[in-house]
Amino acid sequence: MSLLKLIGVLLDYPKEELWQHGEELLDACDDPALTVARRRQLREFVQQLLGSDPLDAQSAWLGTFDRGRAMSLLLFEHIHGESRDRGQAMVDLVDAYRRNGFVLDARELPDYLPLLLEYLSQRPQAEARDWLHHIGHIAGMLAARAAERELPHAVLLEILVEAGEGKVNLAVLRQRASEEVRDDTAEAMDKLWEEEAVRFGAEAPSDDCKPPHRSPARAVHRETQP
């Protein structure tokens, strides 16, 4: 299992099958591209996950990534929000997948980070690094917020930033994260629902831009050639 595939699996909703592949996950932590310290941190993350109850892990995941927008794993959420530009960006990304012989086999938005990482894990290293470089600021902000909230996922996101070899200043992003108002509290969620008005006609956002409810079924596979 490649490093990007591993990070994608660990960031994804923890399906019960994950506990059946513990040894494979632990072996993948020893990627030679990582420093000794990063290998140790990654292994500790996996061991902690495997040592938890699946239902508890799933509940924790939903509380981390499916509550509020700050920790959303939908990349275009952080770039376009709910604007119509997001819909075109989705189309362009799906086209990129298809041009390289990959199709989605589940109802998941193409900008979902674990999905993108699975795709990149099967692309040339230079291309994958270029993608990671371009999303480095998003991964960095997610890493900073995860660290601020004392979430173990911070190390996964920091590894993505490092793999992109960009000039993301995590110290600056951590300072910014520390000054943000949390959007995952009960009060913040209630306020969000109160402020979002229902819009119709030309003002309504397109359906394909709505963040989906999380589903444990998602993957990218190479298209079988006839």
Side-chain angles (χ1 to χ4, degrees), residues 1-18 25 45 49 57-123 127-128 130-143 145-146 151-161 163-164 183-184 205-223:
M1 182 184 296
S2 72
L3 179 60
L4 292 186
K5 172 74 172 181
L6 174 65
I7 299 299
V9 168
L10 297 178
L11 282 174
D12 198 1
Y13 179 85
K15 299 178 284 292
E16 292 190 10
E17 306 92 88
L18 183 147
L25 296 175
F45 179 96
L49 178 61
Q58 291 165 359
S59 178
W61 188 96
L62 291 171
T64 297
F65 297 113
D66 207 39
R67 187 177 179 85
R69 291 172 173 168
M71 288 300 299
S72 174
L73 294 178
L74 297 172
L75 297 174
F76 294 155
E77 175 84 19
H78 303 281
I79 301 172
H80 302 295
E82 295 300 318
S83 74
R84 290 188 179 276
D85 291 340
R86 186 178 180 188
Q88 185 57 53
M90 297 284 192
V91 172
D92 294 342
L93 185 52
V94 170
D95 285 345
Y97 288 157
R98 288 175 176 166
R99 283 197 306 271
N100 291 298
F102 291 80
V103 292
L104 305 185
D105 73 352
R107 190 180 179 85
E108 181 61 78
L109 293 180
D111 63 332
Y112 181 56
L113 181 55
L115 188 65
L116 177 64
L117 292 176
E118 182 170 356
Y119 167 72
L120 294 180
S121 72
Q122 301 178 60
R123 299 300 299 157
E127 180 184 339
D130 187 58
W131 271 94
L132 293 174
H133 176 78
H134 280 90
I135 67 169
H137 189 271
I138 299 173
M141 199 66 230
L142 289 171
R145 289 169 178 153
L151 298 172
H153 303 83
V155 64
L156 306 180
L157 295 157
E158 289 171 4
I159 289 173
L160 288 184
V161 172
D183 70 345
D184 60 338
S206 58
D207 289 342
D208 60 352
C209 289
K210 293 179 181 177
H213 293 294
R214 295 273 67 81
S215 165
R218 56 178 73 85
V220 176
H221 292 286
R222 183 175 295 279
E223 210 170 25

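Position 1 is the first residue of the sequence, and the numbers go up from there.
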Item to check | Nearest-0.5 Å distance, CZ of residue R123 to CG of residue L116 | outcome: 11.5 Å
Item to check | Exam field: side chain Y97 to backbone P110, donor-acceptor pair closer than 3.5 Å | outcome: yes
Item to check | Shortest non-hydrogen separation from S2 to S121 and the atoms involved | outcome: OG-CB, 3.2 Å
Checklist entry - To the nearest 0.5 Å, what is the distance between CG (L62) and CZ (R67)? => result 10.5 Å
Item to check | Sub-4.5 Å side-chain heavy-atom contact between L73 and L115 | outcome: no
Checklist entry - Looking only at atom types and distance, does a side-chain atom of H78 sit under 3.5 Å from a main-chain N or O of S72, one as donor and one as acceptor? => result yes
Checklist entry - If we only count heavy atoms from C-beta on, is the E118 to F102 side-chain gap below 4.5 Å? => result no
Checklist entry - How long is the span from the CG atom in L11 to the CG atom in L156, to the nearest 0.5 Å? => result 5.0 Å
Item to check | side-chain contact (heavy atoms from CB on, under 4.5 Å) against A57, all qualifying residues, sequence neighbours excluded | outcome: P14, W19, L49, S52
Item to check | Spatial distance of atom CD (E127) from atom CG (N100) [nearest 0.5 Å] | outcome: 5.5 Å
Checklist entry - Does any N or O in the side chain of W131 come within less than 3.5 Å of the main-chain N or O of G164, such that one atom is a donor and the other an acceptor? => result no
Checklist entry - What's the spacing between L93 CG and Q88 CD if we round to 0.5 Å? => result 11.5 Å
Checklist entry - Has the side chain of D111 got a donor or acceptor atom that lies under 3.5 Å from a matching backbone atom of F76? => result yes
Checklist entry - Mind checking what makes side chain to side chain donor-acceptor pair (under 3.5 Å) contact with E16, not counting sequence neighbours? => result none
